Amino acid sequence: MEVVILEDPRAVGELVASAVVDLLRRRPDAVLGLTTGSSPLPTYRSLVRRHQRGEVSFGRSRAFLLDDYVGLPPGHPESYPAFIERELVRHVDFAPGAVRAPDVHADDLPAACAAYEEALRAAGGVDLQLLGIGTDGHIAFNEPGSSLGSRTRVKTLSTRTREDNARFFGSVDAVPRQVLTQGVATVLEASHLVLIATGTSKVDAIAAAVEGPVTAMCPSSALQLHPHVTAVLDEEAAAGLTLAPYYRETWAQKPPWQAL
Ligand code: GLP
């Protein structure tokens with residue numbers, strides 16, 4: 001895993017946005033994996049600015065969300081399709097219908113999960129997957145205890161995650177209990193995974209994900225099994241990493257020809 005430690009969330013957003021832009025210039029029809037939450041917001045703001053300056057088009061690309069809440073009414077502002085529409089999609093030039101999410105309104109949720117897996121396969125898989133991390137070490141909504149071989153499915157949120165996400169809903173009671181989420185194994189099928197983490201609340205989760213044992217108790221630790229992962233962190237999120245001096249030295253001496 002490549003670990004890049006930068007000064008602040010703005011620098012993290014700029015670097016991650018550059019990786020997306022470089023990919024779309026190389027492969028305009030690339031498949032993006034998008035994440036939600038507050039961690040990717042500086043990235044999305046940078047992508048919008050770069051699109052407005054004419055530096056990047058999303059017009060031929062497609063995108064898949066990692067997860068969504070079950071039980072919110074369609075169009076609820078905290079549903080993840082509404083989030084991504086507000087923060088990215090409406091400001092850039094994706095084709096209509098190019099950004100998909102698991103169908104949390106389906107009568108048959110397991111069938112909707114299978115259909116989502118099939119849609120990912122039919123698209124040829126995700127080229128670049130953006131990821132955040134929960135304070136409990138989750139990726140997408142794969143809570144501790146999730147099988148490292150899991151696929152897209154219904155999942156119940158932990159109390160900790162519902163408490164963390166209460167800030168978006170006003171109270172913890174308003175946070176849905178169930179979600180549809182890509183599984184750990186689904187996420188690991190993307191060609192390149194870019195993990196974004198900023199702020200002190202992520203320090204333990206990042207230490208466990210990057211340097212801890214690979215365990216279902218910390219689903220993000222499964223990223224250690226993937227051949228191409230870039231963790232882009234700010235100083236605060238990186239504060240618990242034993243090998244931080246090595247990561248900094250490696251980044252400072254990275255040859256200019258070597259992309260993320
Ligand atoms: C939610 C999402 C995750 C995200 C996490 C972190 O739980 N399902 O994909 O990584 O939040 O959110 P934040 O970036 O707001 O801390």
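When a ligand or atom number is given, it counts from 1 through the structure's own listing order. Please read all numbers here as calculations on a predicted model, not as lab measurements.
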If hydrophobic clusters are built from ILVMFWY residues whose side chains come within less than 4.5 Å, do Val92 and Leu128 share one? yes

Any N or O on [X] sitting closer than 3.5 Å to an N or O of ligand 1?
X: Ser38; result: yes
X: Leu131; result: no
X: Thr161; result: no

Find the distance between CG (Leu193) and CD (Gln129) and round it off to the nearest 0.5 Å.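 Between Leu193 CG and Gln129 CD, I get 7.0 Å after rounding to 0.5 Å.
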
Whether over 12 other heavy atoms sit under 6.0 Å from [X] [atom1]:
X: Asp107; atom1: CG; value: no
X: Glu7; atom1: CD; value: no
X: Tyr246; atom1: OH; value: no

Nearest protein heavy atom with distance in Å, relative to [atom]:
atom: atom 8 (N) of ligand 1; result: Asp67 OD2, 2.8 Å
atom: atom 14 (O) of ligand 1; result: Ser39 OG, 2.5 Å
atom: atom 4 (C) of ligand 1; result: Thr36 O, 4.0 Å
atom: atom 5 (C) of ligand 1; result: His138 NE2, 3.7 Å
atom: atom 12 (O) of ligand 1; result: Gly37 CA, 4.0 Å
atom: atom 6 (C) of ligand 1; result: Ile133 O, 3.5 Å
atom: atom 3 (C) of ligand 1; result: Ala140 O, 3.5 Å

Using a 4.0 Å cutoff against the non-hydrogen atoms of [X], which atoms of ligand 1 qualify?
X: Tyr80; answer: 1 (C), 2 (C), 8 (N)
X: Lys202; answer: 13 (P), 14 (O), 16 (O)
X: Asn165; answer: 1 (C), 7 (O)
X: Gly132; answer: 10 (O)
X: Thr35; answer: 9 (O)

Given the rule in the side chain to side chain contact (heavy atoms under 4.5 Å, CB included) test, do Arg25 and Glu55 qualify, once you have shown the distances and angles that lead to the verdict? CA-CA 9 Å; Arg25 285 187 181 155; Glu55 294 169 17; 3.5 Å; yes

Please determine whether a side-chain nitrogen of the Lys or Arg among Arg248 and Glu235 lies less than 4.0 Å from a carboxylate oxygen of the Asp or Glu.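 Glu235 and Arg248: salt-bridged.
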
Under a 4.0 Å heavy-atom limit, does [X] contact ligand 1 with its side chain, its backbone, both, or neither?
X: Arg167; result: side chain
X: Ser201; result: neither
X: Phe83; result: neither

Of all heavy-atom pairs linking Leu260 and His228, the shortest is O-NE2, 3.3 Å

Specify the closest pair of heavy atoms between Val70 and Leu180, including all atoms of both residues, with the distance to one decimal. CG2-N, 3.9 Å

Determine, step by step, whether Glu78 and Arg167 satisfy the salt bridge (Lys or Arg N to Asp or Glu O under 4.0 Å) criterion, reporting the C-alpha distance in whole Å, the side-chain angles of both residues, the deciding distance to 0.1 Å, and the verdict. CA-CA 11 Å; Glu78 294 308 329; Arg167 68 189 192 281; over 6 Å; no

Parallel, tilted or perpendicular, judged at 30° and 60°: which one describes the rings of Tyr80 and Tyr69?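 The rings of Tyr80 and Tyr69 sit tilted, inter-plane angle from 30° to 60°.
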
